[in-house]
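Note sheet for the following structure.
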Amino acid sequence: MQKIFDEVSSLDKKCYDKFSLSEDLLMEHAALALKCEVNNKIKSYNSTILIVCGVGNNGADGLALARLLQDEYLNIIVYTPFEVKSKMAKLQLERLKLLGVNTTNSLRKVFDIDCVVDSLFGSGLNKPLKKEAIDILEKINSIEAYKIACDIPSGVDNNGEIKNSAFKADVTVTMGALKTSLLTDGAKEFTGIIKKANLGLSSSCYENQTDMYLLEQKDLKLPFRDNINTHKGNYGHACVVIGCKKGAGVIASSAAFSFGAGLVTAIVHEELQLPYYIMQSHNLPSNVTAIALGMGLGLYDKNELKKILNTNVAKVIDADLFYEKLLLDYLNQEIVLTPHPKEFCSLLKLTKLADIDIDTLQSNRFKYVKLFCKKYPKVTLLLKGANVIISQNNKVYVNCLGTSALSKGGSGDVLSGLIVALLAQGYSFLQSAINASLAHTLAAKNFKSNNYALNPEDLIEGIKNL
Ligand SMILES: NC(=O)C1=CN([C@@H]2O[C@H](COP(=O)(O)OP(=O)(O)OC[C@H]3O[C@@H](n4cnc5c(N)ncnc54)[C@H](OP(=O)(O)O)[C@@H]3O)[C@@H](O)[C@H]2O)[C@@H](O)CC1
Ligand SMILES: [K+]
């Protein structure tokens, strides 16, 4: 797990004030981290590296990189389209000049470039891009080369929103600490792999306390069975309520069984053709330990719903239930909710927290998740998206491991099944949401066939083999 921050300027300030590290020193480390990234990828001396430098300190990082790379590659183009403004950018430019390195303010030749480093705008991007900047970004995006963004892809602002255009990176080397702006759904299209640069201090010294964390593959804890003398009753009884669209509940039931629930019962109105290992019942069995409800629900008798919701066991709620007012009666208790953005907008409206459209939510995912969890601190909220956000009370966890292979009907049902399996086995609400989400995304990531082809069975198969 890595810490995430909304802003890092206070962390930089701590470096100056508490550890007596100068801005120049921090910047030298930023440039060194960029150099490592270039060197790791570009091995041949006969290569051309294009460094695009803006007017502020992001540009200064690029100028410092140009100095560090001298003599390492045959051709280093230092492109400074605008006159540099910041004190550090001027200093770095002066250092380059003293070395006899030329810069250029026009970019004619954009072929035979092996690597592009984007140091146009960083955390100082504070207004919409003008046409000149958009043209530059489009031009460098069109270059077929390895693309490195310095700190943040130019065009992505501090809220993670995309100004009119943005640099599309293969890798973003972000300076000092991870920022929320890199972890929005919108930014995911542009960041590529995110790597954190050490600015001269270990993370434990550079970073402060935070309530936000990035989940990593190594955080996954699978429900391995450590005890030997066990029976199925030790692993809980998960029940999945089958609604009008029956497939959803069937998928969730299969996923629950594959993720370790000792018993799985589908709660049905009529007998269904189900895998032989899934039991069927009209009523909740007395030994139920967790319930999944909502997926494919459609129209369902309100009294029956209330009876299920009133049952005193752990629950994961999905899909159609986020449009039901009666859910409001259950938000002051421990429960897992797994809405996608449209469903979360409905939930925000039902709870009178906000009446917003999906675009507004997507531009402010962290804000609305925090708002909701502040009002309902017992709820574990999992907001689906390109980057999944999981939150309980004031803690926020982001899972960026998802891929577009998961953008399919049925993926969410698998996730509900995984969560109910862990709840049934006695894991906490937060641990169930986190580990189910990690297993879900990692199984998709490991999928070897074409990324458009993943189906729920593949996903469940992948989860068995994590
Ligand atoms: N602090 C540290 O210790 C370290 C900092 N580091 C590095 O510093 C970076 C932050 O630097 P920064 O604050 O200078 O901001 P940056 O993004 O370079 O540009 C700001 C300039 O751009 C301008 N501008 C803004 N929007 C614009 C637009 N749409 N169109 C045109 N112009 C626009 C803006 O204009 P102004 O607001 O002045 O009008 C201003 O002149 C950070 O990302 C990291 O890479 C690392 O070295 C590690 C150590
Ligand atoms: K940048």
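All values below were derived from every heavy atom in this structure, side-chain atoms included, with hydrogens, water molecules and symmetry-related copies excluded. We count ligands from 1, going down the list as the structure has it; atoms in each ligand are counted the same way.
- Contact annotation: Ile152 places an N, O or S atom under 3.4 Å from the K ion (ligand 2).
- Here Lys130 does not pair with Glu132 in a salt bridge; the nearest charged N to carboxylate O distance is not below 4.0 Å.
- Look at Phe121 and the K ion (ligand 2): an N/O/S atom of the residue is under 3.4 Å from the metal.
- Within a 6.0 Å radius of CD in Glu189, no more than 12 heavy atoms belonging to other residues, nucleotides or ligands are found.
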Enumerate, one pair per line, all nitrogen or oxygen atoms of ligand 1 lying under 3.5 Å from a protein nitrogen or oxygen, stating the separation to 0.1 Å; write 'none' if no such pair exists.
from	atom 1	to	atom 2	distance (Å)
ligand 1	1 (N)	Asp12	OD2	3.2
ligand 1	1 (N)	Tyr16	OH	3.3
ligand 1	3 (O)	Tyr16	OH	2.5
ligand 1	14 (O)	Asn57	N	2.8
ligand 1	15 (O)	Gly124	N	3.3
ligand 1	17 (O)	Gly122	N	2.6
ligand 1	17 (O)	Gly124	N	2.9
ligand 1	18 (O)	Asn57	N	3.1
ligand 1	18 (O)	Asn58	N	2.8
ligand 1	26 (N)	Asn126	N	3.2
ligand 1	26 (N)	Asn126	OD1	3.2
ligand 1	29 (N)	Lys127	O	2.8
ligand 1	29 (N)	Pro128	O	3.1
ligand 1	37 (O)	Asn126	ND2	2.8
ligand 1	39 (O)	Lys127	NZ	2.8
ligand 1	43 (O)	Asn58	ND2	3.4
ligand 1	43 (O)	Ser123	N	3.0
ligand 1	43 (O)	Ser123	OG	3.4
ligand 1	43 (O)	Asp151	OD2	2.5
ligand 1	45 (O)	Asn58	ND2	2.9
ligand 1	45 (O)	Asp61	OD2	2.6
ligand 1	47 (O)	Asp61	OD1	2.4
ligand 1	47 (O)	Asp61	OD2	3.2

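- Angle OD2(Asp118) to the K ion (ligand 2) to OG(Ser154): 60° [nearest 10 degrees].
- Taking a cutoff of 4.0 Å between a charged side-chain nitrogen and a carboxylate oxygen, Glu28 and Arg67 qualify as a salt bridge.
- Remark: Lys395 NZ is packed, more than 12 non-hydrogen atoms of other residues, nucleotides or ligands lying under 6.0 Å away.
- Under a cut-off of 6.0 angstrom, the local environment of NZ in Lys41 is sparse, with at most 12 non-hydrogen atoms contributed by other residues, nucleotides or ligands.
- The OD1 atom of Asn58, the K ion (ligand 2) and the O atom of Cys150 define an angle of 80° (nearest 10 degrees).
- With ring centers used as reference points, Phe344 lies under 6.0 Å from Phe372.
- With respect to Arg365 and Asp185, a salt bridge is recorded, a charged nitrogen being found less than 4.0 Å from a carboxylate O.
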For Glu94 and Lys97: C-alpha separation, side-chain torsions, deciding distance, then whether salt bridge (charged side-chain N to carboxylate O under 4.0 Å, His left out) applies.
CA-CA 5 Å; Glu94 178 63 24; Lys97 292 264 157 72; over 6 Å; no

